[in-house]
Amino acid sequence: MTEQLYRTAAYMRDCSARVIAVNERGGIVLDRTVFYAAAGGQPGDKGMLEIEDGGCPIATTIYDADKLTIVHVPAEDAPLPSPGQSVRAVLDWDIRSKLMRMHTCLHLLCALVKFPVTGGQVGAEEGRLDFDIEDASAVDKDRLTAGLKQLIAAGHPVGERWITDAELEANPGLVRTMAVKPPMGSGRVRLVAIGENGSIDLQPCGGTHVRNTGEIGRVAVTRIEKKGKLNRRIRVAFA
Ligand SMILES: [Zn+2]
């Protein structure tokens, strides 16, 4: 199991680590990492593993089949480190910080659109959430943009709270996203809480977020697409 430093320190940009293994497809396993492995609609991190005599660019980061081990996927033809070697894992912070801002913004969208979420994707330039919306007139591009702007400008704190798997099972209403299984199994689940005591949004999430909604910056709802009888895809982009 890889020690996942971003779980408690989302702002950590680099760390020293030791290479545990390089698998048959060239994927690199470290004892610890700041690289987020793709999950829950947030893409895996890019960056660089700095080795003694050069660097190994990382194209993306994924979970191994056991869902505990993190695999750093090198760019094509990248020089690979060897097991036992010490490396410095350095994030592409420009991309990751945008993902943190957009991911947090999608929580705010969730807070504004009180309908079941059926899917979503976080990107460095835009993000989207799909909702089952009974009354399509309930969502309007400009009203949602204004709502996001207000929540961002208010500078709400983004924190976390831990509950047990059993507590989550007893409170199924906490789960907004039906398409993404909450990160359960370790006995406890992290809730991301926006606003005092999660007054703006409170839901299980394993992703990386900014500390305050004010860090999200300027965004706009760019499109609301009809994806099915009930389903609407709402796209948000940095303005
Ligand atoms: Zn989240």
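On a predicted model such as this, the values are computed, not experimentally measured, just so you know. The residues of the chain are indexed from 1 along the displayed sequence.
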Which residues satisfy the salt bridge (charged side-chain N to carboxylate O under 4.0 Å, His left out) test with Glu215, sequence neighbours excluded? none
Listed partners of Phe238 passing ring-ring contact (aromatic ring centres under 6.0 Å, His included), at least two apart: none
Those residues at least two apart in sequence (or on a different chain) that pass side chain to side chain donor-acceptor pair (under 3.5 Å) with Thr69 are Asp66
Just to verify, what does Asp94 make a side chain to side chain donor-acceptor pair (under 3.5 Å) with, not counting sequence neighbours? none
My understanding is that only residues two or more places apart in sequence, or in another chain, count here; which of them pass salt bridge (charged side-chain N to carboxylate O under 4.0 Å, His left out) with Asp130? Arg233
Output the rest of the hydrophobic cluster of Tyr6: all Ile, Leu, Val, Met, Phe, Trp and Tyr residues reachable through side-chain heavy-atom contacts under 4.5 Å, sorted by chain and number. Tyr36, Tyr63, Ile70
Considering only distance and modelled atom types, tabulate donor-acceptor pairs under 3.5 Å from the side chains of residues 75-88, sequence neighbours left out.
| unit_1 | atom_1 | unit_2 | atom_2 | d |
| --- | --- | --- | --- | --- |
| Gln85 | OE1 | Ser82 | N | 2.8 |
| Arg88 | NE | Asp14 | OD1 | 3.3 |
| Arg88 | NH2 | Asp14 | OD1 | 2.5 |

Cluster companions of Leu230 among Ile, Leu, Val, Met, Phe, Trp, Tyr (side-chain spacing under 4.5 Å): none
Hey, what else clusters with Ile62 if you join Ile, Leu, Val, Met, Phe, Trp, Tyr whenever side-chain heavy atoms sit under 4.5 Å? Ile20, Val29, Val71, Val73
In residues 202-209, what donor-acceptor pairs under 3.5 Å come from side-chain atoms, sequence neighbours left out?
| unit_1 | atom_1 | unit_2 | atom_2 | d |
| --- | --- | --- | --- | --- |
| Gln203 | NE2 | Asp201 | OD1 | 3.4 |
| Gln203 | NE2 | Asp201 | OD2 | 3.0 |
| Thr208 | OG1 | Gln42 | NE2 | 2.8 |
| His209 | ND1 | Gly207 | O | 3.4 |
| His209 | NE2 | His103 | NE2 | 3.2 |
| His209 | NE2 | His107 | NE2 | 3.1 |

Pairwise salt bridge (Lys or Arg N to Asp or Glu O under 4.0 Å) hits with a residue in residues 16-41, at least two apart: Glu3-Arg32
Quick one, Leu109 and Val236 - any side-chain contact, counting heavy atoms below 4.5 Å? yes
Which residues share a salt bridge (charged side-chain N to carboxylate O under 4.0 Å, His left out) with Arg235, sequence neighbours left out: Glu126, Glu225
